[in-house]
2 protein chains.
Amino acid sequence: MDGGAMNIQPDSRTRLLDAALSVFRAKGYNAARVEDICAAAGLTKGGFFHHFRSKEDLALKAAEHWTSMTGRLFEAAPYHDLEDPADRVLAYIDFRKSLLRGTLAEYTCFVGTMVQEVYDSSPEIRVACEQSIAAHVATLLHDLEAAKQLHAANADWSAEGLALHMQSVIQGAFILAKARNDSAVAAESLDHLKRYVGLLLGRHL
Amino acid sequence: MDGGAMNIQPDSRTRLLDAALSVFRAKGYNAARVEDICAAAGLTKGGFFHHFRSKEDLALKAAEHWTSMTGRLFEAAPYHDLEDPADRVLAYIDFRKSLLRGTLAEYTCFVGTMVQEVYDSSPEIRVACEQSIAAHVATLLHDLEAAKQLHAANADWSAEGLALHMQSVIQGAFILAKARNDSAVAAESLDHLKRYVGLLLGRHL
DNA sequence: GACGCCATACCGACTGGTTGGTATGGTATG
DNA sequence: CATACCATACCAACCAGTCGGTATGGCGTC
């Protein structure tokens with residue numbers, strides 16, 4: 001009977017992790033107070049420190065949480081069905097573009113936001129963010145390698161380098177969107193990215 | 001006699017602004033303490049609050065300072081000498097790549113770093129960062145428009161959109177470099193950017 | 001099935017260090 | 001002596017983390 005589906009809410013620990021994702025993305029790591037996260041999760045500080053040793057510990061676990069959340073999201077995305085790996089890569093960009101909905105804190109990247117703030121002050125968080133990005137790059141890499149093999153086998157760029165460049169563009173698009181308070185600039189940047197990848201893979205303008 | 005060239009150091013206000021640039025870039029806006037900046041400038045808090053009303057006021061002035069510093073840097077850069085505007089744009093990217101030297105805090109973008117942290121909590125700082133980016137984009141725009149006119153007059157992209165995309169890539173490259181603690185990934189991303197811009201402007205691979 | 005026992009989960013008051021900002025006074029210069 | 005500039009000393013608010021205590025529920029035992 002325990003742990004059944006009758007509970008409307010996820011358990012407290014998961015609520016804290018979800019709250020960490022949204023509060024850190026909205027206010028940044030340092031400006032976010034532990035009690036902000038507690039309030040968003042419907043708990044008090046006593047409960048928080050029952051689940052996590054420290055705020056930094058929360059950040060580390062939240063990065064893992066982010067990795068598995070986004071992992072499931074992209075695993076379930078429709079672009080995997082296409083036959084040509086180049087089409088899958090281009091459809092991945094379209095999918096990223098379709099995610100640019102709602103507020104900035106809702107669609108921007110948790111680890112990208114956090115790592116820029118703490119890359120120098122918390123090596124552990126930096127590594128956690130690096131690994132999260134690496135895990136996402138890895139999911140792209142197979143399609144990208146297959147697409148290169150098929151359409152640009154002898155080109156002088158590597159699939160991994162291009163996958164990283166794609167992440168650069170996406171992360172940078174978020175920064176521009178934040179600076180201009182407008183998601184349109186991010187969408188335009190993804191259009192350019194799609195055109196570039198298309199050119200590299202033999203698609204015309 | 002005042003303000004003459006005999007002083008080895010710039011005046012205190014300028015030292016505080018310079019210190020703000022480096023300390024904010026290394027630690028982030030929120031984690032940076034006023035006294036950190038004072039120490040870096042060789043002053044105490046009393047002196048700081050003689051020149052700036054608040055930490056936020058400093059951030060606003062530092063963004064303007066950043067704009068004029070980088071404005072001079074790019075104005076003096078060698079890429080303006082090239083005849084073809086497309087070559088100037090490509091040489092701009094090379095120049096950006098040549099700046100990827102030293103520590104991350106030394107070469108990353110001040111306003112890009114700051115805006116990601118405070119875009120939601122301080123509208124004034126966000127606008128200051130937006131304007132700084134816009135000013136830099138404007139310096140690129142003339143060359144880019146001329147290059148488009150010359151080499152891709154009928155293409156279905158705009159010079160301004162491409163200039164913004166270039167900034168996206170650069171900002172994103174900084175994030176990846178921070179996450180991986182390695183500037184090589186940023187350089188590779190700029191290589192991709194150069195190839196893309198080259199393709200749009202009729203340069204081959 | 002009542003009881004003792006213990007682990008998990010959570011609350012909320014408290015603390016000790018930190019930090020943005022202030023008050024005040026000293027000194028150099030014109 | 002007025003003003004600009006800057007140091008020392010200080011304050012009040014804030015906040016991560018602690019701690020004593022409570023509620024709940026599972027589990028073995030008689």
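Side-chain atoms are counted along with the backbone in the values below, which use heavy atoms only and exclude waters and symmetry mates.
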D/dC6 OP1/OP2 closer than 4.0 Å to side-chain N/O of B/S12: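 For D/dC6, OP1/OP2 do have a side-chain N/O of B/S12 under 4.0 Å.
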Quick test: give all pairs of protein nitrogen or oxygen and nucleotides 15-17 of chain C nitrogen or oxygen below 3.5 Å, distance rounded to 0.1 Å.
none

By side chain to side chain donor-acceptor pair (under 3.5 Å) - contacts of [X] (at least two apart):
| X | value |
| --- | --- |
| A/T14 | A/D11 |
| A/E56 | A/S122 |
| A/R126 | A/E130 |
| A/K45 | none |

Aromatic ring pairing B/Y92/B/F74, orientation class (parallel under 30°, perpendicular over 60°, tilted between): tilted
For DNA chain D, the residues among residues 23-49 of chain A that have a non-hydrogen atom under 4.0 Å from it: A/A32, A/R33, A/V34, A/K45, A/F49
Please report, to 0.1 Å, the donor-acceptor pairs under 3.5 Å made by any side chain of residues 176-187 of chain B, with sequence neighbours excluded.
from   : atom 1 : to     : atom 2 : distance (Å)
B/K178 : NZ     : B/T113 : OG1    : 3.1
B/D182 : OD1    : B/A184 : N      : 3.0

Pairs touching residues 70-86 of chain A that satisfy side-chain hydrogen bond (donor to acceptor under 3.5 Å, both in side chains), sequence neighbours left out: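 side-chain hydrogen bond (donor to acceptor under 3.5 Å, both in side chains) check on residues 70-86 of chain A returns A/D84-A/H151.
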Can you list, pair by pair, the side-chain donor-acceptor contacts under 3.5 Å of residues 19-27 of chain A, counting residues two or more places apart and other chains?
from  : atom 1 : to     : atom 2 : distance (Å)
A/S22 : OG     : A/A19  : O      : 3.2
A/R25 : NE     : A/L21  : O      : 3.3
A/R25 : NE     : A/A105 : O      : 3.2
A/R25 : NH1    : A/A105 : O      : 3.4
A/R25 : NH1    : A/E106 : O      : 3.2
A/R25 : NH1    : A/T108 : O      : 2.7
A/K27 : NZ     : A/D36  : OD2    : 3.2

Under the ring-ring contact (aromatic ring centres under 6.0 Å, His included) test, residues paired with A/F48 that sit two or more places apart: A/F52
Strand-adjacent residues in residues 50-57 of chain A, judged by heavy atoms under 4.0 Å from DNA chain C: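 Heavy-atom cutoff 4.0 Å gives A/H50, A/H51.
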Residue pairs fulfilling salt bridge (charged side-chain N to carboxylate O under 4.0 Å, His left out) with at least one residue in residues 58-71 of chain A, sequence neighbours excluded: A/D57-A/K61
C/dG30: pairing nucleotide in any strand, Watson-Crick or G-U under 3.5 angstrom: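 Across any shown strand, C/dG30 pairs with D/dC1.
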